[in-house]
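Have a look at the structure below before the remarks.
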Amino acid sequence: MDVPIEALEAGGGGNVDRNKVIVLEGPLGLSISVTNLDPVRGGVDSLMTGPTDDDRSRLSGIVMDNLRRMAETDLRAQIKPSDILLLDTFEILEIKEEEFDPPVGRPGKTLTLKMQVEFSARYVSDEALKELALSTLNASIENGFVSTASPEYKVVTQPSTDTSGVSRFDLMVTRTLLREVNALQVFSLVRGHKPELVKDELTSALSLRQPPDLSLTPSWWPWMPLIPFNVSVAVK
């Protein structure tokens, strides 16, 4: 009878000429004989290319860098432009998926990677920085001065986070202060004086940065008023 046969191992080593297959392994081999009337052909030794561990490692590094940049962009979009993102706190929380195609041990000309990674990072809010700057400035404000606007700050050193999780950086904080002006003091300096002398007297007595603006009604009147309610003082 005719029965099909197949080589146990792939490749050219399974190819044999006719009448070469004459042994049957096992107990039946003692009572029957076999032979191949036709040559056994079809086995081919061919070189197949496939990705190495180094290929997978390099591809994983490239994909991870791209995902990190994408995550940083997404994080910046979730916070305010004035908030400070602490880049050295950027870390991988979890690699949720990492699937190579072809898998390890399989041939292929193109290696692809499907990866999903969860990142986290810390940031400092603009409100927290303003509150910190304001509390520091208020502690050193001189008597007789008042603030007219919120402080402005600028980060002058790159934030650095130590192993305990504490981030440090230097801030340059500025704000404008105005001297408190007593309206009665102004009145005592200007009452009954000539308008052309009042500006110099106010600038000297109050240490003003620039000469004050003086408006007299009627403008041709040669003297400043003598009655307090005829004088109004505005600080800008």
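Looking only at atom types and distance, the side chain of D83 has no donor-acceptor partner in the side chain of S125 under 3.5 Å away.
Interatomic distance, CG of L171 versus OH of Y153, reported as 8.0 Å (0.5 Å rounding). Rounding to the nearest 0.5 Å places CG of L197 at 11.0 Å from CE of M224. Between atom CD of residue E201 and atom CD of residue E196 there is a gap of 10.0 Å, rounded to the nearest 0.5 Å. Distance check: R122 CZ to T161 OG1 gives 5.5 Å after rounding to the nearest 0.5 Å. Here the straight-line distance linking atom CG of L86 with atom CG of L75 works out to 11.5 Å at 0.5 Å rounding. The distance from atom CE of M64 to atom CG of L113, rounded to the nearest 0.5 Å, is 9.0 Å.
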| Are V117 and E97 close enough, and set up right, to give a side chain to side chain contact (heavy atoms under 4.5 Å, CB included), and what steps lead you there? | CA-CA 7 Å; V117 183; E97 183 178 7; over 6 Å; no
| task | Take Q158 and D88, measure what side chain to side chain contact (heavy atoms under 4.5 Å, CB included) needs, and give me the verdict at the end. | result | CA-CA 10 Å; Q158 184 69 24; D88 59 356; over 6 Å; no
| said: Before you tell me yes or no, could you show the steps for E152 and V173 under side chain to side chain contact (heavy atoms under 4.5 Å, CB included), namely the whole-Å CA-CA distance, both residues' side-chain angles and the distance that decides it to 0.1 Å? | reply: CA-CA 6 Å; E152 296 181 357; V173 185; over 6 Å; no
| field | Steps toward side chain to side chain contact (heavy atoms under 4.5 Å, CB included) verdict (I22, S33) | value | CA-CA 7 Å; I22 58 175; S33 63; over 6 Å; no
| query | Please walk me through it: do D55 and T52 pass side-chain hydrogen bond (donor to acceptor under 3.5 Å, both in side chains)? | reply | CA-CA 5 Å; D55 294 330; T52 64; 3.1 Å; yes
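The side-chain heavy atoms of R168 and S160, taken from C-beta on, include no pair separated by under 4.5 Å. Contact of the F119 side chain with the L93 side chain is not registered, since no non-hydrogen atoms from C-beta on lie closer than 4.5 Å. Looking only at side-chain heavy atoms (C-beta outward), T112 and E99 stay at 4.5 Å or farther from each other. At a threshold of 4.5 Å between non-hydrogen side-chain atoms, the residues P102 and P107 do not count as touching. Annotation: side chain of D200 is not in contact with side chain of P211 (no heavy-atom distance under 4.5 Å). D101 places none of its side-chain heavy atoms less than 4.5 Å from the side chain of R106. Between S60 and E98 there is a side-chain heavy-atom pair separated by less than 4.5 Å. In this structure, L202 and V186 have side chains that are in contact, with non-hydrogen atoms separated by less than 4.5 Å.
Across every non-hydrogen atom of D126 and S82, the tightest pair is CB-OG, 3.2 Å. Residue K109 comes nearest to T49 through the heavy atom pair CG-OG1, 4.1 Å, listed as atom of the first residue, atom of the second, then distance. Smallest separation of non-hydrogen atoms from T157 and V155: O-CG1, 3.1 Å. The shortest heavy-atom contact between P225 and L216 is CD-CD1, 4.2 Å. Counting all heavy atoms, side chain and backbone alike, N15 lies closest to G42 at OD1-N, 3.4 Å. Listed here is the closest heavy atom pair of P212 and K199: O-CE, 3.4 Å.
Between R69 and D65, none of the side-chain N atoms (NZ, or NE/NH1/NH2) sits under 4.0 Å from a carboxylate O, so this pair counts as no salt bridge. Between D53 and R56, at least one side-chain nitrogen of the basic residue sits less than 4.0 Å from a carboxylate oxygen of the acidic one, meeting the salt-bridge criterion. Under 4.0 Å is where a charged nitrogen must lie from a carboxylate oxygen, and between R68 and E72 no such pair does.
With a 6.0 Å radius and a threshold of 12 heavy atoms from other residues, nucleotides or ligands, Y123 has its OH atom at or below the threshold. Other residues, nucleotides and ligands contribute more than 12 heavy atoms inside 6.0 Å of the CD atom of E127.
A single hydrophobic cluster is seen to contain both L59 and I92, as judged by linkage of ILVMFWY side chains at heavy-atom distances under 4.5 Å, directly or through other members. With hydrophobic clusters built from ILVMFWY side chains whose heavy atoms lie under 4.5 angstrom apart, W223 shares a cluster with L189. A continuous path of ILVMFWY side-chain contacts below 4.5 Å connects W220 to V190, so both sit in one hydrophobic cluster. A single hydrophobic cluster is seen to contain both L87 and I79, as judged by linkage of ILVMFWY side chains at heavy-atom distances under 4.5 Å, directly or through other members. When the side chains of ILVMFWY residues are joined at heavy-atom separations under 4.5 Å, either directly or via intervening members, F100 and L67 end up in a single hydrophobic cluster.
When the options D38, T35, N36 are evaluated for a side chain to side chain donor-acceptor pair (under 3.5 Å) with N19, the one that passes is T35.
Without hydrogens or angle criteria, R18 side chain to P39 main chain gives no donor-acceptor distance under 3.5 Å.
Applying the side-chain hydrogen bond (donor to acceptor under 3.5 Å, both in side chains) criterion to D17, with sequence neighbours excluded, gives R41.
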